[in-house]
Amino acid sequence: MRSSRVLAAIAASALPLAMLIPPAQAAVQRVTAAAFPADVIGEDFPDPDVFENNGTWYAYSTNNGRGHVPVASAPSANGPWTIRGDAMPGGPSSSWAQAGRTWAPDVYPNPDGSFTLTYTAWHKASGRQCIGVATSGSALGPFTPVGSQPLICPLDKGGAIDANTFVANDGTRYLTWKNDGNAIGQPSTLWLTRTTNNGTALTGGNTAMLTSSGVIEAPDLVQRGSQFVLFYSGGGYNDCNYLTSYATSPSLNGPWTTAFRPLMTTASFDNHVCGPGGADFVGDKVFLHGWVNGSRHLYVADLGWANDFPVVRGSRVRTEAESGTLNHCSVRTGAVGASQGAVAAYIDYADSWVQVSVFAPSVGGYTLSVGYANGMGATASHGVVVNGNGQGSISYPATGWDNWHQASVPITLTTGWNTIRLTKGTLYTELDYLELQ
């Protein structure tokens with residue numbers, strides 16, 4: 001038993017998310033039942049904006065070889081998607097913008113049946129990026145630019161990019177956007193600005209939400225029952241370091257609390273999506289882009305809400321083992337190298353178990369990965385019980401005490417909250433965390 005031996009702890013620090021995949025020397029066979037995001041447009045389609053209207057799904061992207069504002073449609077969120085051409089074939093407003101850098105379109109269906117497009121374009125006078133607006137009677141366009149000046153263009157703050165429509169539960173309409181401070185060596189802020197009910201004009205001042213000296217962009221705001229959730233991308237968009245995170249607030253006026261861990265990273269998807277960012281959250285789906293051979297493809301994944309916090313299927317969600325319900329075992333603090341410095345230990349008896357609650361965005365197969373240390377010199381195990389039903393066992397190859405690695409096992413979950421219980425098996429193992437993917 002762990003309690004009867006002197007521990008030879010190794011000097012280690014808490015591992016960053018990118019290091020959570022077990023190294024080769026751990027000799028742990030990786031098994032998976034995870035459903036990773038689906039690549040639904042297998043060509044360049046970056047910074048997606050997506051919505052459903054009258055049974056048809058529409059998606060728009062940053063300019064590429066398909067046009068100024070490429071548009072695609074599909075009968076369902078998962079496709080099949082068909083590229084339909086350029087939604088703004090005439091390009092951005094010629095009175096203030098020039099073609100070539102038309103980025104991050106946002107299209108929103110108005111109550112009168114029309115559609116409003118906000119887009120980022122190249123400001124001729126300054127060379128910066130600013131936000132313009134266009135309208136159309138069809139989701140496929142053609143969209144015609146409105147006005148002779150940009151809608152938002154704070155040149156002293158580097159210009160403006162990445163507009164996104166948000167309509168609160170009370171019907172008030174806003175734009176979220178970013179001042180492009182990164183372009184001029186200044187901090188960037190994600191802003192909230194009230195608009196008219198068709199989004200073609202501003203009606204209020206700007207409210208700052210988040211500010212960073214690093215890169216934060218692509219804001220997407222969602223209102224849940226208990227809070228507002230502000231999603232955003234971070235890092236450089238042109239490699240696998242791009243990611244999606246979020247902040248929450250009880251009010252549009254803040255304060256905003258950033259998530260403890262990013263929601264989607266290359267590592268959290270086990271490298272199945274490179275640089276997941278530019279995300280658009282729509283109902284029970286999230287649309288995002290990822291790098292594939294120099295292009296950014298459109299992906300879609302299932303989205304769920306655990307007590308009004310987002311969970312994306314296929315992206316790892318961690319629960320600390322010591323925070324669960326422990327029966328005839330206990331928490332050991334000061335665990336060197338453990339993710340929060342504490343672990344579930346002394347799981348030594350026939351009635352010992354550790355149980356946690358996890359949230360599944362949709363029914364089906366998932367991968368359960370367990371951070372563990374096994375100093376017994378031989379493979380140990382725990383039984384796996386999901387929602388009261390046995391689903392086999394998980395094996396832990398020997399690692400040494402306080403030498404934390406991962407083991408994984410496929411499990412089946414129902415939509416919503418599930419309980420996972422790890423019961424006493426063979427020999428002895430300490431548990432650091434459980435990750436659902």
Side-chain angles (χ1 to χ4, degrees), residues 47-63 67-73 84-97 102-121 123 129-154 159-179 190-207 209 218-223 228 230-231 252 280-283 287:
D47 304 319
D49 179 73
V50 184
F51 66 89
E52 183 271 335
N53 185 252
N54 295 328
T56 298
W57 287 78
Y58 298 92
Y60 308 82
S61 90
T62 281
N63 65 269
H68 303 283
V69 180
V71 58
S73 65
R84 302 294 298 274
D86 189 348
M88 193 166 62
S93 174
S94 60
S95 62
W96 64 267
T102 307
W103 300 345
D106 169 75
V107 176
Y108 197 85
N110 298 314
D112 64 1
S114 66
F115 298 84
T116 297
L117 161 67
T118 47
Y119 60 90
T120 300
H123 189 242
Q129 296 292 101
C130 294
I131 293 169
V133 62
T135 59
S136 176
S138 167
L140 296 175
F143 282 87
T144 302
V146 174
S148 59
Q149 296 296 323
L151 184 68
I152 303 174
C153 192
I161 65 173
D162 296 351
N164 196 279
T165 299
F166 167 68
V167 178
N169 289 346
D170 64 5
T172 306
R173 185 161 168 169
Y174 302 86
L175 280 179
T176 61
W177 55 280
K178 166 192 173 174
N179 75 277
L190 304 181
W191 300 89
L192 183 72
T193 304
R194 188 170 176 176
T195 72
T196 57
N197 64 4
N198 70 353
T200 60
L202 308 181
T203 62
N206 304 318
T207 300
M209 294 185 290
D220 189 17
L221 186 59
V222 174
Q223 184 173 2
F228 295 88
L230 174 63
F231 298 96
L252 288 175
D280 192 23
F281 294 79
V282 186
F287 298 85

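As a basis for the values below, the full set of heavy atoms in this structure was taken, side chains included, without hydrogen atoms, waters or symmetry mates.
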>> Using 0.5 Å steps for rounding, measure from the CD atom of Q223 to the CZ atom of F228.
In response: 3.5 Å

> Just wondering, are more than 12 heavy atoms of other shown residues or ligands nearer than 6.0 Å to CG in N54?
Replying inline: no

> Looking at CZ of F143 and OG of S114, how far apart are the two atoms once the value is rounded to the nearest 0.5 Å?
Replying inline: 9.0 Å

>> According to side chain to side chain donor-acceptor pair (under 3.5 Å), who are the partners of T193, at least two apart in sequence or on a separate chain?
In response: W177, N206

>> Looking at D86 and G67, would you say the former's side chain and the latter's main chain have a donor-acceptor pair under 3.5 Å?
In response: no

>> How close do T120 and I161 get, counting heavy atoms only, and between which atoms?
In response: OG1-CA, 3.4 Å

> Going by heavy atoms in the side chains, are L202 and R194 under 4.5 Å from each other?
Replying inline: no

> Does one side chain, of N63 or T102, offer a donor that lies under 3.5 Å from an acceptor on the other?
Replying inline: no

>> To the nearest 0.5 Å, what is the distance between OG1 on T207 and CG on L252?
In response: 8.0 Å

> Out of P145, P150, C153, which residue meets the side chain to side chain contact (heavy atoms under 4.5 Å, CB included) rule with W96?
Replying inline: P150

> What is the distance from atom CG of D49 to atom OH of Y58, rounded to the nearest 0.5 Å?
Replying inline: 13.5 Å

> Taking atom CZ of F51 and atom OH of Y60, what is their separation to the nearest 0.5 Å?
Replying inline: 3.5 Å

> Do you know which of D280, L175, T118, L221 makes side chain to side chain contact (heavy atoms under 4.5 Å, CB included) with N164?
Replying inline: D280

> Side chains of L230 and P219: closer than 4.5 Å at any heavy-atom pair?
Replying inline: yes

> Partners of T196 by side chain to side chain donor-acceptor pair (under 3.5 Å), sequence neighbours excluded?
Replying inline: N198

> Can you name the residues that form a side chain to side chain donor-acceptor pair (under 3.5 Å) with T116, not counting sequence neighbours?
Replying inline: N110

> Can you name the closest pair of heavy atoms from A121 and A97 and give their distance?
Replying inline: CB-CB, 3.8 Å

>> How about CZ on R173, more than 12 heavy atoms from neighbouring residues, nucleotides or ligands closer than 6.0 Å, or not?
In response: yes

>> For the residue pair S136 / S138, report whether a side-chain donor-acceptor contact shorter than 3.5 Å exists.
In response: no

